[in-house]
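A short worksheet on the structure shown next.
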Protein chains: 2
Amino acid sequence: MGEIRDANRSKKSIIVAATKLFAKDGFDGVSVDAIAKEAGVNKAMLYYYYKNKSKLYEVVVDMVLEDIYKTVLEKNSQHKKPIDKLYSFIETFAKYAKANPHLSFFMLNELASDGKKLPRDMFLGLRKIFGLLVDILKEGEKKGCFKKTKPIIVHFMIVGAINLFISTKNLRKSVEDELGAEVCNECKIDEVARYLYDYITKGIS
Amino acid sequence: MGEIRDANRSKKSIIVAATKLFAKDGFDGVSVDAIAKEAGVNKAMLYYYYKNKSKLYEVVVDMVLEDIYKTVLEKNSQHKKPIDKLYSFIETFAKYAKANPHLSFFMLNELASDGKKLPRDMFLGLRKIFGLLVDILKEGEKKGCFKKTKPIIVHFMIVGAINLFISTKNLRKSVEDELGAEVCNECKIDEVARYLYDYITKGIS
DNA sequence: GTTATAATTAACTAAATGGTTAGTTAGGAG
DNA sequence: CTCCTAACTAACCATTTAGTTAATTATAAC
């Protein structure tokens with residue numbers, strides 16, 4: 001039983017722990033010791049495999065964004081019509097965010113920090129996802145089914161609404177007695193996706 | 001010249017410094033020493049006036065959210081028709097966020113942290129702003145000019161899009177050579193507000 | 001002017017932090 | 001069996017951190 005030494009297992013457990021903790025408390029809110037403890041490895045292993053805390057954070061964010069990008073990209077390729085692609089974009093993103101709530105934290109955090117945190121091209125991941133939507137909107141425009149619009153605004157409507165909805169799950173639950181139905185605890189993420197699709201298509205049709 | 005001792009000036013300079021630094025680097029990313037230095041006061045003054053770092057943060061967030069709430073509320077009272085109130089809500093929020101960019105950071109951060117950071121009713125401010133939109137949408141529904149909708153989704157569309165647009169200003173500028181017109185650097189915040197209003201009203205009409 | 005009190009400071013502490021290092025052990029290649 | 005190297009560890013270090021404290025000064029009231 002090769003349980004004793006296994007580089008891959010160690011590396012992966014570090015990533016899993018770091019993803020979990022960074023998503024919960026942010027880069028500055030987590031100590032390297034805490035990550036090592038959560039991962040069940042010696043702290044020096046983090047430096048051995050990932051050089052330092054910042055680099056580890058970059059790897060985590062890159063992985064998270066790359067994964068959502070690939071997921072959306074793959075689902076999108078299954079559709080032909082721009083309007084179907086648009087729905088697929090929204091729905092896939094929404095479902096993914098629901099299944100992987102850490103995504104919302106990282107996206108909101110990276111976007112909110114405005115490139116101050118890590119000067120690298122960490123935003124490549126964000127740009128790639130945005131690029132998918134740009135292509136959909138441009139194609140629709142060319143084919144005459146969409147009116148001209150501002151992709152960045154549409155993009156921020158979609159990812160803003162979905163990420164905020166996901167990341168405020170507990171928050172909304174805690175105030176439901178005061179605000180009642182308005183905070184929409186019974187809402188499924190599918191409903192958010194449908195509203196977004198509905199409002200946006202009406203806007204660009 | 002009462003320049004030597006002035007409790008109000010000290011208290012205010014601490015708030016100003018704390019607002020600036022917390023908005024830039026987040027709660028965990030700023031040290032109390034840094035705030036004291038920025039404010040030009042002795043560190044012990046922070047504890048003298050605000051008890052500790054967390055309490056100071058609460059005061060800052062409360063002030064920021066209370067100010068935007070009052071601003072939106074006041075502008076809103078100048079309109080009668082729900083549709084005008086809706087536009088006023090979006091426009092006022094957008095203009096305020098543009099003029100006070102730290103708002104976007106705090107809102108995104110507080111919403112993204114999902115109530116984990118500070119267990120207090122820090123979210124009262126967030127709820128109050130949301131409450132304004134709920135009233136507008138409900139009134140419009142009652143008067144028959146709006147269809148039934150989910151206020152929380154509309155709210156997250158608005159504040160999500162505006163806050164992300166504001167907080168990514170530098171980020172968008174830094175990638176404009178690659179993504180060109182799509183990132184909409186030439187966009188004014190008014191344009192974002194108009195798009196939001198346009199898409200939402202089409203959705204709920 | 002005296003005095004009480006509010007405003008302010010420098011120096012300090014204990015704990016936590018990111019990061020290092022020197023050494024140890026496991027396991028596959030020869 | 002023996003090495004060599006990759007995987008791993010415990011102990012350590014310098015710095016930074018939030019928070020405290022005891023002493024000091026300005027000032028307003030009397």
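What you see is a predicted model, and the numbers here were worked out from it, not measured in a lab.
- Listed nucleotides: D/dA18, C/dT24, D/dT24. Nearest to the side chain of B/Arg5: D/dT24.
- Put simply, CG on A/Asp6 is 11 Å from P on C/dG28, counting in whole angstrom units.
- Across the protein-nucleic acid pair, A/Lys55 atom NZ and C/dG19 atom P stand 10 Å apart, rounded to whole Å.
- Not less than 6.0 angstrom separates the ring centroid of B/Tyr199 from the ring centroid of A/Tyr199.
- The distance from atom CG of B/Asp28 to atom P of C/dT17 is 10 Å, rounded to the nearest whole Å.
- Taking 4.0 angstrom as the limit, B/Ser10 places none of its side-chain polar atoms (N or O) nearer than this to OP1 or OP2 of C/dA7.
- As rounded to whole Å, 12 Å separates atom C1' of C/dT17 from atom CD1 of A/Ile35.
- Less than 4.0 Å separates DNA chain D from at least one heavy atom of each of the following residues of residues 37-52 of chain A: A/Asn42, A/Ala44, A/Met45, A/Tyr48, A/Tyr49.
- A donor-acceptor contact under 3.5 angstrom links the side chains of A/Tyr96 and A/Asp67, judged on distance only.
- Using a 3.5 Å distance cut-off with no hydrogens or angles, the side chains of A/Tyr48 and A/Ser10 do not pair a donor with an acceptor.
- Using cut-offs of 30° and 60° for the angle between ring planes, the B/Phe165 and A/Phe156 rings count as perpendicular.
- Considering A/Met107, A/Lys128, A/Arg127 as possible partners of A/Leu65, the one that fulfils the side chain to side chain contact (heavy atoms under 4.5 Å, CB included) test is A/Met107.
- With respect to B/Lys202 and B/Asp198, a salt bridge is recorded, a charged nitrogen being found less than 4.0 Å from a carboxylate O.
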